[in-house]
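Only this structure's heavy atoms are used, side chains among them; waters, hydrogens and symmetry mates stay out.
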Amino acid sequence: MLRRIKEVRDKGYHVWLNSLWSTFNGGHDDELAYENPAEAYGWLIDMGADMIFTDHPALLVDYLTNDLKQNN
């Protein structure tokens, strides 16, 4: 599925990736986000996600508003 995300996005669809359990995202999950949010949430965004399903929305918002901004 990851190989087809660009194709799906190019057709105008949104992509929702799950960060809850490592089996849904190649190990780039919420637990990893506590240690390294760029390797968790950043990886999901790099894969093409424009929606992320998480149990830790405050951690994700902090990454999006602080860490991600600083790296761009």
Side-chain angles (χ1 to χ4, degrees):
M1 284 309 291
L2 292 175
R3 285 180 249 148
R4 299 199 66 197
I5 288 176
K6 183 176 178 349
E7 174 187 347
V8 169
R9 294 283 308 264
D10 288 348
K11 291 182 179 183
Y13 293 99
H14 294 280
V15 174
W16 177 357
L17 295 179
N18 188 326
S19 68
L20 299 180
W21 301 287
S22 63
T23 55
F24 291 152
N25 48 46
H28 301 271
D29 63 351
D30 280 340
E31 295 308 311
L32 176 61
Y34 279 113
E35 299 169 22
N36 190 339
E39 279 298 313
Y41 302 136
W43 185 86
L44 294 169
I45 292 166
D46 288 346
M47 289 295 106
D50 57 353
M51 295 177 280
I52 296 175
F53 185 36
T54 179
D55 274 342
H56 306 290
L59 185 60
L60 175 58
V61 168
D62 183 61
Y63 173 73
L64 293 172
T65 57
N66 296 315
D67 298 345
L68 188 62
K69 269 182 164 179
Q70 291 173 4
N71 293 327
N72 286 327

Residues which pass side chain to side chain donor-acceptor pair (under 3.5 Å) with Asp50, listed by chain and number, not counting sequence neighbours:
His14
With sequence neighbours left out, the residues meeting side chain to side chain donor-acceptor pair (under 3.5 Å) with Glu35 are none
Does the side chain of Ser19 come under 3.5 Å of the side chain of Asn25 through a donor N or O and an acceptor N or O?
no
I need the [X] [atom1] to [Y] [atom2] distance, nearest 0.5 Å.
| X | Y | atom1 | atom2 | answer |
| --- | --- | --- | --- | --- |
| Leu44 | Phe24 | CG | CZ | 13.0 Å |
| Asp30 | His56 | CG | NE2 | 4.5 Å |
| Trp43 | Leu2 | CH2 | CG | 5.0 Å |
| Asn36 | Tyr41 | CG | OH | 11.5 Å |
| His28 | Ile52 | NE2 | CD1 | 12.5 Å |
| Leu20 | Thr54 | CG | OG1 | 6.5 Å |

Check the pair Ile45 / Tyr63 against side chain to side chain contact (heavy atoms under 4.5 Å, CB included), numbers first and verdict last.
CA-CA 11 Å; Ile45 292 166; Tyr63 173 73; 4.1 Å; yes
Taking atom CE of Met51 as the centre, report whether more than 12 heavy atoms of other residues, nucleotides or ligands fall under 6.0 Å from it.
yes
Any chain of hydrophobic side-chain contacts (each under 4.5 Å) joining Val15 to Tyr13?
yes
Cluster check Leu60, Tyr34: I/L/V/M/F/W/Y, side chain < 4.5 angstrom:
yes
Nearest heavy-atom neighbours spanning Gly48 and Ile5:
CA-CG2, 3.8 Å
